[in-house]
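What follows is a single structure, written as structure tokens, with notes after it.
None of the values given here were measured: they were computed from a predicted structure. Each chain gets a letter, A, B and so on, in the order the sequences are listed, and its residues count up from 1.
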Number of protein chains: 2
Amino acid sequence: MELSNCVKIFKALANEQRLKIFFMIRKGCCSTEDKAGSAFRIKNKTCCPVAGVIEKAFTKVCECMNLSRSTVSHHFKELQNAGLISCQRDGQMYRCKVNEEVINSMRDFLK
Amino acid sequence: MELSNCVKIFKALANEQRLKIFFMIRKGCCSTEDKAGSAFRIKNKTCCPVAGVIEKAFTKVCECMNLSRSTVSHHFKELQNAGLISCQRDGQMYRCKVNEEVINSMRDFLK
DNA sequence: TTTATAGTTCGACTGTATTGGAACAATAGA
DNA sequence: TCTATTGTTCCAATACAGTCGAACTATAAA
């Protein structure tokens with residue numbers, strides 16, 4: 001992996017809000033044993049039904065974290081731009097998943 | 001690893017100069033096959049003699065990279081503060097090494 | 001003791017990140 | 001068609017990061 005590319009990825013993860021969003025997408029927002037702890041459990045909501053993909057991701061993030069929609073949109077863009085996540089809009093449904101191969105590259109980079 | 005701690009580490013590596021410095025320390029400044037490429041070879045200088053530890057680290061970094069000493073000092077502090085490197089002054093000799101266990105923790109964190 | 005070298009600290013400047021509000025576009029549902 | 005919901009884009013405000021020069025301390029060498 002290119003050094004500059006790597007910097008981009010580190011930058012994307014070097015913000016607490018974005019790192020939370022990243023793990024929220026990666027682990028499923030309602031998971032209790034995710035690395036980000038209990039901060040992501042949404043009260044009175046059902047869990048994301050599809051393993052590896054979080055649906056209604058945008059809405060859920062907005063609900064969980066006390067951030068405006070424009071800010072959340074910005075953070076999603078940063079994560080996408082770094083290649084860490086992929087998002088797809090399907091009607092009103094916003095589906096996200098983590099690009100695990102990028103994470104693996106990062107882990108190799110640190111080897 | 002704590003989320004906030006992790007953010008600190010990502011922040012420290014989310015800057016191209018610091019990432020270069022980090023690899024310079026990690027791989028030995030004169031190594032030709034390091035991840036950071038040829039940017040770190042110092043012309044007409046002998047290589048760091050001790051594996052895993054780079055001696056005269058500060059001076060070498062100042063020579064390699066076009067940065068003032070105060071800036072380099074600042075970057076070293078950031079890397080130390082994140083726990084990524086350990087530095088020790090021994091007279092005029094400044095010895096640095098990478099804390100591999102922190103790197104391993106990061107790799108686990110990304111698992 | 002004087003001088004040179006090494007690294008730190010402080011203050012200032014500049015550029016970039018983070019954030020929210022407002023206006024907007026697209027879709028879904030009534 | 002009208003309305004509510006979802007996400008984007010633009011703009012502005014504030015905070016933070018990266019950088020340097022100057023003044024400083026500490027050590028080594030002459």
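- If you check every strand for non-hydrogen atoms under 4.0 Å, Glu78(B) touches nothing.
- Regarding Lys20(A), its NZ atom lies at a distance of 11 Å from the P atom of dT19(C), rounded to whole Å.
- Relative ring orientation between Phe10(A) and Phe10(B) is described as tilted, the plane-to-plane angle lying within the 30° to 60° band.
- Counting only distance, with no hydrogens or angles, the side chain of Arg18(B) and the backbone of Ala12(B) share a donor-acceptor pair below 3.5 Å.
- In this structure, Leu110(A) and Asn104(B) have side chains that are not in contact, with every pair of non-hydrogen atoms separated by 4.5 Å or more.
- Counting only heavy atoms from C-beta outward, the side chains of Val61(B) and His75(B) never approach each other to under 4.5 Å.
- Rounded to a whole Å, the CD1 atom of Ile54(B) is 11 Å from the P atom of dG7(C).
- Among residues two or more places apart in sequence or in another chain, the side-chain contact (heavy atoms from CB on, under 4.5 Å) test is passed with Val7(B) by Glu16(A), Leu19(A), Lys11(B).
- Residues of residues 66-75 of chain B having a heavy atom closer than 4.0 Å to DNA chain D, listed by number: Asn66(B), Leu67(B), Ser68(B), Ser70(B), Thr71(B), His74(B), His75(B).
- If Ala14(A) and Met93(B) are placed on DNA chain C by their nearest nucleotide, the residue sitting closer to the 5' end is Met93(B).
- For Gln88(A), there are no side-chain contact (heavy atoms from CB on, under 4.5 Å) partners two or more places apart in sequence or in a different chain.
- Crowding of Glu2(B) atom CD: a count of heavy atoms from other residues, nucleotides or ligands under 6.0 Å not exceeding 12.
- Between Gly83(A) and Val102(A), the shortest heavy-atom distance links the atoms O-CG2, 3.3 Å.
- Spacing between atom CZ of Phe76(B) and atom P of dT9(C) amounts to 14 Å, rounded to whole angstrom units.
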Using a cut-off of under 3.5 Å, enumerate the N/O to N/O pairs linking the protein to nucleotides 26-30 of chain C.
| residue | atom | partner | partner atom | Å |
| --- | --- | --- | --- | --- |
| dA28(C) | O4' | Gln92(A) | OE1 | 3.3 |

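- A 4.0 Å heavy-atom criterion places the boundary nucleotides of DNA chain D facing chain A at dT5(D) to dT9(D), written 5' to 3'.
- As rounded to whole Å, 5 Å separates atom C1' of dG7(C) from atom CZ of Phe58(B).
- Ser73(A) has its side chain within reach of Phe58(A): a pair of non-hydrogen atoms, C-beta onward, lies under 4.5 Å apart.
- The distance between atom CD of Glu16(B) and atom P of dT16(C), rounded to the nearest whole Å, is 14 Å.
- No option in Ile9(B), Asn15(B), Val98(B), Ile85(B) other than Ile85(B) meets the side chain to side chain contact (heavy atoms under 4.5 Å, CB included) test with Leu79(B).
- Atom pair Gln88(B):CD and dG7(C):C1' shows a separation of 15 Å (rounding to whole Å applied).
- Partners of Ser105(B) under the side-chain contact (heavy atoms from CB on, under 4.5 Å) rule, at least two apart in sequence or in another chain, are Met1(B).
- A close approach under 4.0 Å does occur between a side-chain nitrogen or oxygen of Asn15(A) and OP1 or OP2 of dT18(C).
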